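Here the structure comes first, spelled out in structure tokens, and everything after it is commentary.
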Amino acid sequence: MAQKPSIPKGTRDFNAVEVAKRSYIMNIIKERFELYGFQPIETPSFENSDTLMGKYGDEGDRLIFKILNSGDYLKKVSDEDYTSKDETRITSKISEKALRYDLTVPFARYVVQHQNEIEFPFKRYQIQPVWRADRPQKGRFREFYQCDADVVGSTSLFQEVEFVQLYDAVFTALDLKGVTIKINNRKILSGIAEVIGAQDKLIDFTVALDKLDKIGEEKVKEEMRSKGISEDGISKLQPLFSLEGDFGTQVESLKSILNTSEVGLKGIEELEFIDASISKLGLKTANLQLDVTLARGLNYYTGAIFEVAAPEGVKMGSIGGGGRYDDLTSIFGKPDTSGVGISFGLDRIYLVLEELNLFPETITDATKVLFINFGEKEAMACLQAVTNLRQHGVKAELYPDSAKMKKQMTHANRRNIPYVVLVGEEELNSGTYTLKNMKTGEQEKLNIQELLSTLK
RNA sequence: GUGGUUGUAGCUCAGUUGGUUAGAGCGCCUGAUUGUGGUUCAGGAGGUCGUCGGUUCGAGACCGAUCUUCCACCCCA
């Protein structure tokens with residue numbers, strides 16, 4: 001081998017155990033999605049560039065993988081373009097397709113494109129990989145899976161309530177106890193921006209506020225100043241920095257800040273409704289927490305915003321997120337269609353479960369019994385038994401070669417196969433099977449019926 | 001995209017200020033054991049030191065580039 005082959009950074013190969021663990025998570029998520037009435041759809045890995053570009057802000061555009069046109073992709077680039085060295089201008093000429101960046105925007109496109117076939121309110125889920133040209137870190141990949149559930153065509157706040165329940169149901173089923181579902185409302189953020197006279201700087205304001213628990217009050221204020229938010233405005237924010245206590249207490253102090261803002265008060269009202277409903281319905285293992293600093297960069301959210309944090313002590317970015325968007329489909333020409341959705345980060349949930357040792361042991365159960373191969377005659381008899389076992393749903397295999405017994409036993413051992421069957425000359429003559437339990441070392445002679453009932 | 005960090009046997013890592021044939025533990029292979037794996041004992045294989053280039057009489061070590069890992073920004077699942 002001249003040089004070891006490799007895969008691009010931020011991508012991974014998955015072995016059998018990893019695949020089993022991943023589908024364990026996926027299946028639990030899938031089951032809950034369907035339990036809540038969501039139907040699966042799939043969309044292509046790549047979309048037309050104009051479907052994706054401009055939907056995630058400048059930062060997002062930079063992180064979208066663009067696909068080079070096939071054929072003579074330089075023919076549309078003029079000499080002027082070359083000399084201009086204008087990146088975006090040239091990119092649009094040599095690339096017309098791009099890998100999807102998330103599942104929400106392609107879903108919005110899907111809804112608009114198929115609006116006449118869809119029965120609203122439309123609840124769909126989608127579990128597919130997405131790609132980001134990001135610089136990888138732990139829990140941060142360039143190819144990863146998102147598991148999204150969305151409902152469009154309903155403005156009811158019961159949808160938000162159900163999504164909180166859905167988060168709780170999935171993480172409870174995964175035995176991941178103590179996740180925190182953080183909730184905020186974009187309207188509250190707009191309201192605050194309005195009160196401090198920074199409506200036009202909403203994004204800068206929320207991005208700065210989002211960093212509060214990370215860089216502290218002073219640095220946040222500094223950043224706001226540098227973005228041109230007035231000193232007077234910042235001082236009005238003071239109560240925000242010392243926001244404490246339970247849901248109700250926080251809401252009360254928020255009200256005092258927002259009493260002049262209609263949007264802000266509307267946001268509070270929505271939050272209160274969700275909190276009251278959840279209090280009544282109860283959560284099994286998750287905690288619902290108001291977090292005013294929760295911003296989420298995506299600029300399409302308009303109402304509730306969610307983010308899920310791993311249980312305390314696990315260092316991992318958010319393992320889920322979502323929110324309500326009122327205008328997303330209008331970008332594609334279908335106005336007045338409100339949607340709300342949540343997403344699970346499969347790869348991060350995997351890392352968290354791994355760290356906390358929460359994968360069930362039975363997950364890697366593969367073959368249950370291996371028949372040792374003593375030679376052609378014996379193997380043929382074994383294969384008949386193997387066929388019989390398989391017909392009864394027992395995962396059974398015959399070692400293909402009549403290799404040394406030690407080698408065959410070791411093979412069973414390494415693959416964690418719990419039983420081995422020995423059929424030599426003696427068994428062949430008496431029509432019996434010697435079944436060995438690899439864990440205890442015990443073995444017994446059985447006829448085919450007994451073998452079947454033991455292994456079933 | 002910015003700044004930093006990492007790369008030596010299948011795995012986890014040693015390797016002194018540049019100086020002979022690059023080491024350990026675990027794993028792997030063979031045998032003790034021709035119908036019995038995990039334990040034990042004895043032996044053995046395996047590395048162009050991430051890659052390419054440079055400095056030097058001499059580079060695993062120094063310099064440059066590049067790829068990769070992880071981290072902090074940015075952003076996010």
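Below, read A as the first sequence line, B as the second, and so on, with proteins coming before strands; counting in each chain starts at 1. Predicted, not measured: the structure shown is a model, and the values here were computed from it.
- Counting only heavy atoms from C-beta on, A/Gln443 has its side chain closest to B/rU36 among B/rU36, B/rG1, B/rG37.
- Between the CZ atom of A/Arg62 and the C1' atom of B/rG1 there is a distance of 4 Å, given to the nearest Å.
- Within the 4.0 Å cut-off from OP1 or OP2 of B/rC74, at least one side-chain nitrogen or oxygen of A/Lys211 is found.
- For B/rG15 and B/rU21, the C1' atoms lie 16 Å apart once the distance is rounded to whole Å.
- Under the side-chain contact (heavy atoms from CB on, under 4.5 Å) rule, A/Val308 has a single partner from A/Ile319, A/Ile349, A/Asp168, which is A/Ile319.
- For B/rG1, the paired base is B/rC73 (Watson-Crick or G-U wobble, both distances below 3.5 Å).
- Pairing partner, B/rC26: B/rG10, with both Watson-Crick or wobble hydrogen-bond distances short of 3.5 Å.
- Between A/Glu425 and A/Ser318, the residue anchored closer to the 5' end of RNA chain B is A/Glu425, taking for each the nucleotide with the nearest heavy atom.
- Judged by distance alone, with hydrogens and angles left aside, A/Arg140 brings no side-chain donor or acceptor close enough to the base of B/rA77 to form a pair under 3.5 Å.
- When the options A/Phe38, A/Phe158, A/Tyr125 are evaluated for a ring-ring contact (aromatic ring centres under 6.0 Å, His included) with A/Phe163, the one that passes is A/Phe38.
- No hydrogens or angles were tested; on distance alone, nothing pairs the side chain of A/Arg135 with the base of B/rU69 as donor and acceptor under 3.5 Å.
- A distance of about 11 Å separates the P atoms of B/rG7 and B/rC62, rounded to the whole Å.
- Between A/Tyr433 and A/Phe371, the ring-plane angle classifies as perpendicular under the 30° and 60° cut-offs.
- How far CD of A/Gln146 is from OG1 of A/Thr104: 6.5 Å, rounded to the nearest 0.5 Å.
- For B/rU36, the OP1/OP2 oxygens have no side-chain nitrogen or oxygen of A/Lys436 closer than 4.0 Å.
- Side-chain nitrogen and oxygen atoms of A/Lys315 include at least one within less than 4.0 Å of the OP1 or OP2 phosphate oxygen of B/rA72.
- Here the C1' atom of nucleotide B/rG1 and the NZ atom of A/Lys66 are 12 Å apart, to the nearest Å.
- Looking at which nucleotide of RNA chain B each of A/Leu63 and A/Thr11 is closest to, the 5′-most match is held by A/Thr11.
- One atom, CD of A/Glu59, and another, P of B/rA77, lie 13 Å apart when rounded to the nearest Å.
- Stacking between A/Phe144 and B/rA77 is present: the aromatic ring centre lies within less than 5.5 angstrom of the base six-membered ring centre, and the two planes differ by under 30 degrees.
- At a threshold of 4.0 angstrom between heavy atoms, the contacts of A/Gly441 include nucleobase atoms, whether or not backbone atoms are also involved.
- Across all strands shown, B/rG47 has no partner, as no Watson-Crick or G-U wobble contact with both distances under 3.5 Å is found.
- Rounded to whole Å, the distance from CD on A/Gln408 to P on B/rG37 is 12 Å.
- Atom CG of A/Asp134 is separated from atom P of B/rA72 by 13 Å (rounded to the nearest Å).
- At the heavy-atom level, A/Leu422 lies under 4.0 Å from base atoms of the strands shown.
- The residue A/Gly322 sits apart from the nucleic acid: no heavy atom pair falls under 4.0 Å.
- We find that CD of A/Glu426 is positioned 9 Å from C1' of B/rG35, with the value rounded to whole Å.
- A gap of 32 Å separates the P atoms of B/rU68 and B/rU56, to the nearest Å.
- For A/Gln137 and B/rA72, the shortest distance from a side-chain N or O to OP1 or OP2 is below 4.0 Å.
- With rounding to whole Å, A/Ile127 atom CD1 is found 14 Å from B/rA77 atom C1'.
- Residue A/Gly139 is in base contact, counting any heavy-atom pair closer than 4.0 Å across all strands shown.
- Minimum atom distance to the side chain of A/Arg132 is reached by B/rA77, of the listed B/rU68, B/rG35, B/rA77.
- A salt bridge does not link A/Arg225 to A/Glu222: none of the charged nitrogens lies less than 4.0 Å from a carboxylate oxygen.
- Nucleotides B/rC26 and B/rU69 place their P atoms 31 Å apart, quoted to the nearest Å.
- Between the C1' atoms of B/rC49 and B/rG23, the separation comes to 12 Å (whole Å).
- A gap of 11 Å separates the P atoms of B/rU16 and B/rU20, to the nearest Å.
- The backbone N or O of A/Val369 lies less than 3.5 Å from no partner atom in the side chain of A/Thr367, so there is not a single donor-acceptor pair.
- Across all strands shown, B/rG18 remains unpaired; no Watson-Crick or G-U wobble contact has both distances below 3.5 Å.
- Between B/rU33 and B/rG27, the distance separating the two P atoms is 22 Å to the nearest Å.
- Residue contacts shown for A/Tyr145 are absent, as no nucleic acid heavy atom lies under 4.0 Å away.
- You'll find that the side chain of A/Arg414 is closest to B/rC29, out of B/rU36, B/rC29, B/rG37.
- Counting any heavy atom pair closer than 4.0 Å across all strands shown, A/Glu307 reaches no nucleic acid atom.
- A salt bridge links A/Lys21 to A/Glu354: one of the charged nitrogens lies within less than 4.0 Å of a carboxylate oxygen.
- In this pair, A/Tyr110 and A/His114 present their aromatic rings tilted. The plane angle is within the 30 to 60° band.
- Look at the C1' atom in both B/rU12 and B/rG53: the space between them is 31 Å, to the nearest Å.
- Protein atom NZ of A/Lys407 is 16 Å distant from nucleotide atom P of B/rU34, rounded to whole Å.
- No engagement by A/Gly317 is indicated, since no non-hydrogen atom pair under 4.0 Å with the nucleic acid exists.
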